[in-house]
Amino acid sequence: MPNRISADHNLSLSVSIIEDQRRSLLDWYARAGRDLPWRRSWEPYSIWVSEIMLQQTQVKTVIPYYHRWMEQFPTLEHLASAELQEVLKAWEGLGYYSRARNLHACAKLIMQSHGGVFPQELSQVLALSGIGKTTAGGILSAAFNQPVAILDGNVKRVLARLVALPIPPAKATQQLWKLSEALLDHQHPREFNQAIMDLGATICTRKTPNCPDCPWKSYCQAYNLGIQSEIPMREPSSPLPTKNIGVAVIWNDQGQILIDRRPAKGLLGGLWEFPGGKIELGETVPECIKREIQEELGIEIEVGEHLITINHAYSHFRVVLSVHHCRHLSGVPQPIECDEIRWVTLDEVDQFPFPKANTQIIAALRSQEGRKYEV
DNA sequence: GAAGCGTGGCC
DNA sequence: TGGCCAAGCTT
């Protein structure tokens with residue numbers, strides 16, 4: 001049974017160690033931290049935008065989108081008064097489109113219910129859709145220097161190595177949150193959170209971490225055991241299922257093509273696409289396309305020549321799109337399984353937000369432009 | 001708790 | 001090439 005003196009001694013010893021550890025990180029950050037566009041201001045709107053863009057998305061990918069976005073929607077009020085289609089067009093290519101829909105909806109909500117002022121209370125920030133614990137912590141620490149911990153992919157990897165976590169981080173979320181909260185420097189939450197993320201992004205990287213340059217190497221159990229490349233552990237994943245899809249580029253007599261807007265929620269919600277659907281067992285591609293167009297749009301078409309075949313991987317399945325030119329024969333297209341339908345020229349199509357796989361179809365059409373298509 | 005939700009880069 | 005991962009959140 002330890003007496004009070006030794007207990008106090010141990011406590012003060014561990015406290016001084018953790019203070020040294022924080023200081024090491026902050027000193028490193030002052031020297032080696034990244035200069036990122038969204039760190040040049042503490043304005044909550046711009047930090048919010050950056051935090052949402054950075055969800056599951058690399059910094060290098062985000063930077064050009066961030067600059068364009070802030071140019072187009074410089075304030076929360078600008079975003080709130082924009083059209084959703086305009087917002088989705090600005091997000092086109094960034095993926096996880098619910099992020100853009102949520103940004104837009106939350107901007108409107110903040111204008112209506114928060115007087116246009118981004119909330120500073122954790123519970124109110126967490127109540128905004130698209131903002132979870134990590135994003136809330138990122139915003140509140142970066143914008144207001146509030147001591148709210150984060151646990152993003154970088155921090156998970158850093159902490160998993162720090163304690164030589166013997167299980168996949170996904171199985172230890174609770175413990176890792178506790179650790180992030182315990183380590184957080186309440187005197188410098190803004191710098192600390194950004195520093196630990198930078199450490200994960202530039203030193204404690206997934207493959208071949210640069211341990212010799214790490215300010216935490218003396219504290220890192222994985223490094224001191226020589227197992228830093230084995231951590232974080234991960235569990236085996238099964239291969240993505242593949243769906244074969246028949247897709248129609250339907251032409252009318254005016255030289256226009258038919259596009260449809262997907263339902264507002266779910267996969268690629270609110271984006272435009274070329275219509276089509278899953279190829280059933282024993283069905284040819286033209287048979288599939290003719291059937292799907294009848295079912296989804298209620299029109300008759302003639303399926304013509306093959307345009308392009310596209311392989312594309314989403315987050316949880318893979319598709320093979322077999323795209324054919326088609327000719328509209330009869331019937332007025334009905335939005336049976338979509339929200340809206342339009343006939344557009346190839347010049348007009350750029351105004352609409354499309355998912356990546358569909359922009360490849362448009363590119364293929366462009367490369368054929370000048371060649372007159374006949375069924 | 002597990003599945004749904006995009007895209008680009010890397011090897 | 002296909003698998004893995006990257007500043008996660010929602011249902």
Side-chain angles (χ1 to χ4, degrees), chain A residues 33-34 36-39 47-66 88 91-103 105-106 125-142 148-160 168-174 176-177 180 193-202 204-208 232-243 262-271 273 310-320 353-360:
Chain A
R34 293 175 293 179
L36 299 172
W38 41 88
R39 288 183 179 170
I47 290 169
W48 172 39
V49 169
S50 74
E51 290 288 339
I52 300 298
M53 286 187 171
L54 287 161
Q55 289 171 359
Q56 299 287 280
T57 310
Q58 293 186 344
V59 166
K60 190 198 309 180
T61 303
V62 165
I63 286 175
Y65 280 91
Y66 176 80
L88 287 173
W91 202 270
E92 183 184 58
L94 204 48
Y96 287 138
Y97 296 93
S98 68
R99 296 183 294 173
R101 301 196 301 267
N102 284 332
L103 271 173
C106 289
V125 175
L126 282 171
L128 298 171
S129 50
I131 299 183
K133 285 184 67 178
T134 287
T135 302
I139 295 171
L140 290 176
S141 61
V148 186
I150 58 174
L151 189 63
D152 64 1
N154 286 313
V155 178
K156 276 182 193 165
R157 188 172 54 256
V158 169
L159 298 184
K171 303 284 188 191
T173 304
Q174 202 70 28
L176 291 172
W177 269 110
S180 180
N193 278 345
Q194 294 178 355
I196 193 171
M197 282 191 288
D198 280 16
L199 189 66
T202 66
C204 196
T205 52
R206 179 167 57 94
K207 310 181 73 174
T208 62
M233 301 182 69
R234 56 179 179 80
E235 36 204 343
S237 62
S238 48
L240 298 181
T242 296
K243 300 181 184 178
R262 295 176 60 87
K265 298 187 178 193
L267 181 69
L268 306 169
L271 275 69
E273 67 176 3
I310 295 164
N311 282 283
H312 187 79
Y314 294 108
S315 49
H316 57 299
F317 65 95
R318 176 180 301 280
V319 291
V320 179
F354 282 88
K356 185 60 173 36
N358 277 252
T359 64
Q360 292 180 248

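A note on names: the letters A, B, ... follow the listed sequences, proteins ahead of strands, and every chain is numbered from 1.
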Closest nucleotide among [options] to the [X] side chain:
{"X": "A/Leu267", "options": "C/dA7, B/dG6, C/dC5", "value": "B/dG6"}
{"X": "A/Asn154", "options": "B/dG8, C/dA7, B/dC5", "value": "C/dA7"}
{"X": "A/Lys356", "options": "B/dT7, C/dA7, C/dT10", "value": "B/dT7"}
{"X": "A/Asp152", "options": "B/dT7, C/dG8, C/dG2", "value": "C/dG8"}
{"X": "A/Pro239", "options": "B/dG6, C/dG3, C/dA7", "value": "C/dG3"}

Contact under 4.0 Å: [X] side-chain N or O vs [N] OP1/OP2:
{"X": "A/His316", "N": "B/dC5", "value": "yes"}
{"X": "A/Lys60", "N": "B/dC10", "value": "yes"}
{"X": "A/Thr135", "N": "C/dC9", "value": "yes"}
{"X": "A/Tyr97", "N": "B/dT7", "value": "yes"}
{"X": "A/His312", "N": "B/dG6", "value": "no"}
{"X": "A/Arg99", "N": "C/dC9", "value": "no"}
{"X": "A/Ser98", "N": "C/dC9", "value": "no"}

Please report the distance separating the [atom1] of [N] from the corresponding atom of [M], rounded so that it comes out in whole Å.
{"N": "C/dT11", "M": "B/dG6", "atom1": "P", "value": "14 Å"}
{"N": "B/dC5", "M": "C/dG2", "atom1": "P", "value": "22 Å"}
{"N": "C/dA7", "M": "B/dG4", "atom1": "P", "value": "24 Å"}

Between [X] (side chain) and [Y] (backbone), is there a donor-acceptor pair under 3.5 Å?
{"X": "A/Asn358", "Y": "A/Glu273", "value": "no"}
{"X": "A/Ser50", "Y": "A/Trp48", "value": "no"}
{"X": "A/Asn193", "Y": "A/Ile139", "value": "no"}
{"X": "A/Arg157", "Y": "A/Gly200", "value": "yes"}

[atom1] of [X] versus [atom2] of [N]: gap in Å, rounded?
{"X": "A/Leu271", "N": "B/dG6", "atom1": "CG", "atom2": "P", "result": "8 Å"}
{"X": "A/Met53", "N": "B/dG6", "atom1": "CE", "atom2": "P", "result": "16 Å"}
{"X": "A/Lys243", "N": "B/dG6", "atom1": "NZ", "atom2": "C1'", "result": "14 Å"}
{"X": "A/Ile63", "N": "C/dA7", "atom1": "CD1", "atom2": "C1'", "result": "12 Å"}
{"X": "A/Leu54", "N": "C/dC9", "atom1": "CG", "atom2": "C1'", "result": "15 Å"}
{"X": "A/Leu140", "N": "C/dA7", "atom1": "CG", "atom2": "P", "result": "21 Å"}
{"X": "A/Glu92", "N": "B/dG6", "atom1": "CD", "atom2": "P", "result": "14 Å"}
{"X": "A/Ile310", "N": "B/dG6", "atom1": "CD1", "atom2": "P", "result": "17 Å"}

Reading DNA chain C from 5' onward, which residue's closest nucleotide shows up sooner: A/Glu51 or A/Leu126? A/Glu51

Identify, between A/Val59 and A/Asn102, the residue whose nearest nucleotide on DNA chain C lies closer to the 5' end. A/Val59

Could you check whether [X] gets within reach of a base, just the sugar-phosphate, or nothing at all, counting any heavy atom under 4.0 Å?
{"X": "A/Leu268", "answer": "sugar-phosphate"}
{"X": "A/Trp38", "answer": "base"}
{"X": "A/Ile47", "answer": "nothing"}
{"X": "A/Thr61", "answer": "nothing"}
{"X": "A/Leu240", "answer": "nothing"}
{"X": "A/Gly153", "answer": "sugar-phosphate"}
{"X": "A/Ser50", "answer": "nothing"}

Minimum side-chain heavy-atom gap [X]-[Y] below 4.5 Å:
{"X": "A/Tyr96", "Y": "A/Asn102", "answer": "no"}
{"X": "A/Leu88", "Y": "A/Arg101", "answer": "yes"}
{"X": "A/Glu51", "Y": "A/Gln55", "answer": "no"}

Residue closer to the 5' end of DNA chain B, A/Lys207 versus A/Gln56 (nearest nucleotide): A/Gln56

Taking the nucleotide of DNA chain B with the closest heavy atom to each, which residue, A/Arg206 or A/Gln55, is nearer the 5' end? A/Gln55

Can you find a donor-acceptor pair, distance only, under 3.5 Å between A/Arg157 side chain and C/dA7 base? no

Measure distances between side-chain N and O atoms of A/Thr57 and base N and O atoms of B/dG6, and say whether any donor-acceptor pair falls under 3.5 Å. yes

Check: A/Tyr314 ring centroid to A/His316 ring centroid under 6.0 Å: no

